[in-house]
Amino acid sequence: MLLSREKLHGNYGDLIGESPVHLKVLKRIDTFAKSSKTVLISGETGTGKELVARALHAESPYAMHPIVIVNCAEIAENLIDSELFGHEKGAFTGADQRHIGLFETASGSTLFLDEIGELPKPLQSKLLRVLQENEIRRMGGTKQIPVSVRVLAATNIDLIEAVAAGRFRRDLYERLKPLHIRLPALRERREDIPALAKHFLKKENNLSNRKIEDINPEVLSLFDAYSWPGNIRELEGIIGRAALLAEEGEILLPHLPQDVRMPQAAPLPLTDATAAANLNAAERFVLPFPMDTTLKEIEKSAILTTLARENGNKSKTAAVLGISQPTLRAKLHAYEQEE
């Protein structure tokens, strides 16, 4: 059956794209939105998991109340229990008053648990109980408190792999997986890139009162060749940067970061790599980057390309590159600051 937006019940104007894989995502959102059941949203970093969560909430019976969002990776491990479930006065040193947790705050609405794969193991069992019993107990408390919360959970890691490694509870994964929306990477929906780029350009024009009229076709051609390790979020950042540099007229190649202008540094598909291996030595001796490329730029390209190939998994990326995870995180942070 041919998918189209006209056949959807909800309004998903913020989720740009008409590619078949994107329309399948919209169809799944449309199907799951009216349910009160937990939904698992998976996908690489930057694929738009929060946007999908907001769309699920907006089309749900809970839409009259604000969605409550928490990133499990951003809260210190010793605080996340209290943040999610609350605590009673005197529950621990410094607990001088009762604290209402996010589950109680979100009662009657939607709670979005982003980066659920980073939730500490002891908290996973507590979350499982809440999903099963629809009640919580504050830290230091004795009373079970009923809550009516629609939970949405998102992850950029492979939870099956995390279960196998003992980092994620199998029973919690089994509880989450029945309603699952997998978001495709941007490189899996390249036909949506022009529409997304122009959407972000319009957004940037509105925010900054600029009048960048268009994106040069050569830029769009380069976008089509690029690997997009940071996915939609990276595209939005690049358009924002380019709009600042362009000032007026249209976005041109010089307005793009150096690593985007080196699409040939991306890994070849297997068929192309096999063909390249069969060339004679003279034909193979071609640098996969421009002659004036700096070592720092080559390193950045290698790191981002490997991160994309490993689907955003930082531990795998660090292992493949032979560097520590703290070093990888520091370099990724530095790249973010460059934009």
Side-chain angles (χ1 to χ4, degrees), residues 37-46 49-50 52-54 56-57 62 65-163 165-177 312-315 325-326 328-329 332-333:
K37 295 182 182 298
T38 301
V39 177
L40 176 64
I41 308 164
S42 68
E44 295 178 14
T45 298
K49 296 184 286 296
E50 184 176 324
V52 169
R54 289 185 180 278
L56 283 165
H57 173 72
Y62 308 102
H65 302 295
I67 185 173
V68 177
I69 297 174
V70 57
N71 188 318
C72 299
E74 292 181 350
I75 304 175
E77 189 169 336
N78 62 329
L79 296 177
I80 195 165
D81 193 334
S82 173
E83 282 299 301
L84 290 179
F85 306 110
H87 65 251
E88 297 290 356
K89 181 178 179 180
F92 51 85
T93 303
D96 52 2
Q97 59 184 0
R98 172 184 287 173
H99 172 68
I100 302 301
L102 293 175
F103 267 94
E104 285 184 81
T105 302
S107 194
S109 188
T110 301
L111 177 62
F112 175 45
L113 300 175
D114 199 5
E115 305 294 0
I116 196 169
E118 303 298 328
L119 194 66
K121 201 84 177 282
L123 270 295
Q124 293 175 23
S125 58
K126 202 164 181 178
L127 173 60
L128 178 62
R129 179 173 175 80
V130 176
L131 296 178
Q132 291 172 337
E133 307 297 335
N134 295 314
E135 58 184 23
I136 62 102
R137 187 173 67 187
R138 300 186 194 117
M139 290 178 65
T142 57
K143 186 173 68 172
Q144 296 296 132
I145 302 168
V147 290
S148 175
V149 179
R150 203 273 179 92
V151 174
L152 306 176
T155 181
N156 65 357
I157 67 169
D158 186 333
L159 289 184
I160 296 176
E161 181 184 284
V163 168
R167 298 191 307 272
F168 201 81
R169 291 181 63 102
R170 180 173 293 278
D171 47 6
L172 178 56
Y173 171 67
E174 296 295 336
R175 184 80 187 187
L176 294 173
K177 77 174 185 179
N313 188 311
K314 294 184 179 65
S315 60
Q325 290 189 52
L328 176 63
R329 285 195 295 269
L332 293 174
H333 179 71

Task: Atom pair CG/CD of Asn71 and Glu115 - distance to nearest 0.5 Å - done: 5.5 Å
TODO: May I have the step-by-step check of side chain to side chain contact (heavy atoms under 4.5 Å, CB included) for Lys314 and Ile157, ending in yes or no?
DONE: CA-CA 9 Å; Lys314 294 184 179 65; Ile157 67 169; over 6 Å; no
Open item on the list: With heavy-atom distances below 4.5 Å as the criterion, would you say the side chains of Cys72 and Ile80 are in contact?
Closed with: yes
- [ ] Check Leu152, Leu84, Leu102 against Leu113 for a side-chain contact (heavy atoms from CB on, under 4.5 Å) and give me the one that passes.
- [x] Leu84
Task: Verdict with reasoning, Asp81 to Lys126, per side chain to side chain contact (heavy atoms under 4.5 Å, CB included) - done: CA-CA 9 Å; Asp81 193 334; Lys126 202 164 181 178; 3.0 Å; yes
TODO: Step through the shown structure and confirm whether more than 12 heavy atoms of other residues, nucleotides or ligands are within 6.0 Å of NZ on Lys121.
DONE: yes
Task: Minimum side-chain heavy-atom gap Leu176-Thr155 below 4.5 Å - done: no
Task: Verdict with reasoning, Val151 to Phe103, per side chain to side chain contact (heavy atoms under 4.5 Å, CB included) - done: CA-CA 9 Å; Val151 174; Phe103 267 94; 3.9 Å; yes
- [ ] State the CG-CZ distance between Leu79 and Phe92, to the nearest 0.5 angstrom.
- [x] 7.5 Å
Open item on the list: Quick check: closest heavy atoms across Leu128 and Leu172, and the distance to 0.1 Å?
Closed with: CD1-CA, 4.0 Å
Open item on the list: Please check: side-chain N/O of Ser125 versus main-chain N/O of Pro122, any donor-acceptor pairing under 3.5 Å?
Closed with: yes
- [ ] Answer whether the closest heavy-atom distance between the side chains of Arg138 and Ile100 falls below 4.5 Å.
- [x] yes
Open item on the list: Just so I know, are the side chains of Arg167 and Glu161 near enough to count as touching, which here means a heavy-atom distance under 4.5 Å?
Closed with: yes
Task: Nearest atoms (heavy-atom pairs only) where Ser107 meets Ser148 - done: OG-N, 3.1 Å
Task: Residue pair Ala154 / Asp114: nearest heavy atoms and the distance that separates them - done: CB-OD1, 3.5 Å
TODO: Report the distance from atom CG of Asp96 to atom NZ of Lys89, rounding to the nearest 0.5 Å.
DONE: 7.5 Å
Task: Heavy-atom donor-acceptor pair, Lys49 side chain to Glu44 backbone, under 3.5 Å - done: yes
TODO: Enter the distance from Leu127:CG to Thr38:OG1 here, rounded to the nearest 0.5 Å.
DONE: 8.0 Å
- [ ] Would you mind reporting whether Leu56 and Val52 have side-chain heavy atoms less than 4.5 Å apart?
- [x] yes
- [ ] Please examine the side chains of Glu83 and Val70, heavy atoms only from C-beta on, and report whether any two atoms are closer than 4.5 Å.
- [x] no
TODO: Mind checking the CG-CZ spacing from Leu159 to Arg170? Nearest 0.5 Å is all I need.
DONE: 11.5 Å
- [ ] Return the minimal non-hydrogen interatomic distance between Leu131 and Arg175, and the atom names on each side.
- [x] O-NH2, 2.9 Å
Open item on the list: Can you tell me how far apart CD (Glu104) and NE2 (His99) are? Round to the nearest 0.5 Å.
Closed with: 9.5 Å
Task: Residue pair Ser82 / His87: nearest heavy atoms and the distance that separates them - done: OG-ND1, 2.6 Å
TODO: Step through the shown structure and confirm whether more than 12 heavy atoms of other residues, nucleotides or ligands are within 6.0 Å of CD on Glu133.
DONE: yes
Open item on the list: Quick one, Gln144 and Arg129 - any side-chain contact, counting heavy atoms below 4.5 Å?
Closed with: yes
Task: Side-chain (Arg150) to main-chain (Lys37) donor-acceptor, under 3.5 angstrom - done: yes
- [ ] Quick one: closest heavy-atom pair of Asp158 and Ile160, and the distance?
- [x] OD1-N, 3.0 Å
TODO: Using a strict 4.0 Å threshold on nitrogen-to-oxygen distance, state whether Arg169 and Glu174 make a salt bridge.
DONE: no
TODO: Say whether His57 and Thr110, considering side chains only, have a donor N or O and an acceptor N or O under 3.5 Å apart.
DONE: yes
